[in-house]
Amino acid sequence: MTQGLFPLAAFIFGAGAIVIYFVALAMRPKVVRILNGGGLFFTGLGLIQAAVWFRDTPTSVAWFNRDVAIVALCLAAVIQSLSVLRNRKAWDGTDRRGETAAEHGPEGEPA
């Protein structure tokens, strides 16, 4: 069963990760988004490549490692997709390192 399921999942998650990367880029086309989403793009490429390599690996050789790697990459693609699509406010130039939340209002402005 896993002989057909894992390569299909790898291809679907990989293609989905690349599509989400370009959707996020179209929604917010900034250089920062290109760099932050790069991990998502390359994880998607890796998953598509893993789907191709999966069929060439004999079932009796390192099947557990192969399956765990594909599951881990699929989870990474999902987490990175959520991260790249979440709606964050742009940085306003204020350095807030070392300050407590009580010093700022709900929108990050000084209280």
(request) Any chance you could pull the hydrophobic cluster mates of Ile79, using side-chain heavy atoms under 4.5 angstrom and chaining through other members? (result) none

(request) Determine which pairs satisfy side chain to side chain donor-acceptor pair (under 3.5 Å) with at least one residue from residues 37-51, sequence neighbours left out, and list them in order. (result) Thr43-Gln80

(message) Show the nearest heavy-atom pair for residues Ile20 and Ser81, with the distance to one decimal.
(response) CD1-OG, 3.6 Å

(request) Check Ala51 against Ala10 and note the closest heavy-atom contact, atom names and distance. (result) CB-CB, 4.0 Å

(request) Please name all residues satisfying side-chain contact (heavy atoms from CB on, under 4.5 Å) with Val23, sequence neighbours left out, ordered by chain then number. (result) Val19, Met27

(request) Would you mind listing the cluster partners of Val78? Hydrophobic ones only (ILVMFWY), side-chain contacts under 4.5 Å, chaining allowed. (result) Phe13, Leu47, Leu73, Leu82

(message) Let me confirm one number: the CG-CG distance from Asp67 to Leu5, rounded to the nearest 0.5 Å.
(response) 9.0 Å

(message) Hydrophobic clusters here meaning ILVMFWY residues chained together by side-chain heavy-atom distances under 4.5 Å, can you tell me if Phe6 and Ile12 are in one?
(response) no

(message) Can you list everything that forms a side-chain contact (heavy atoms from CB on, under 4.5 Å) with Val68? Sequence neighbours excluded, please.
(response) Phe64

(request) Can you sort out the partners of Leu45 under side-chain contact (heavy atoms from CB on, under 4.5 Å), two or more places apart, ordered by chain and number? (result) Ile18, Phe41, Phe42

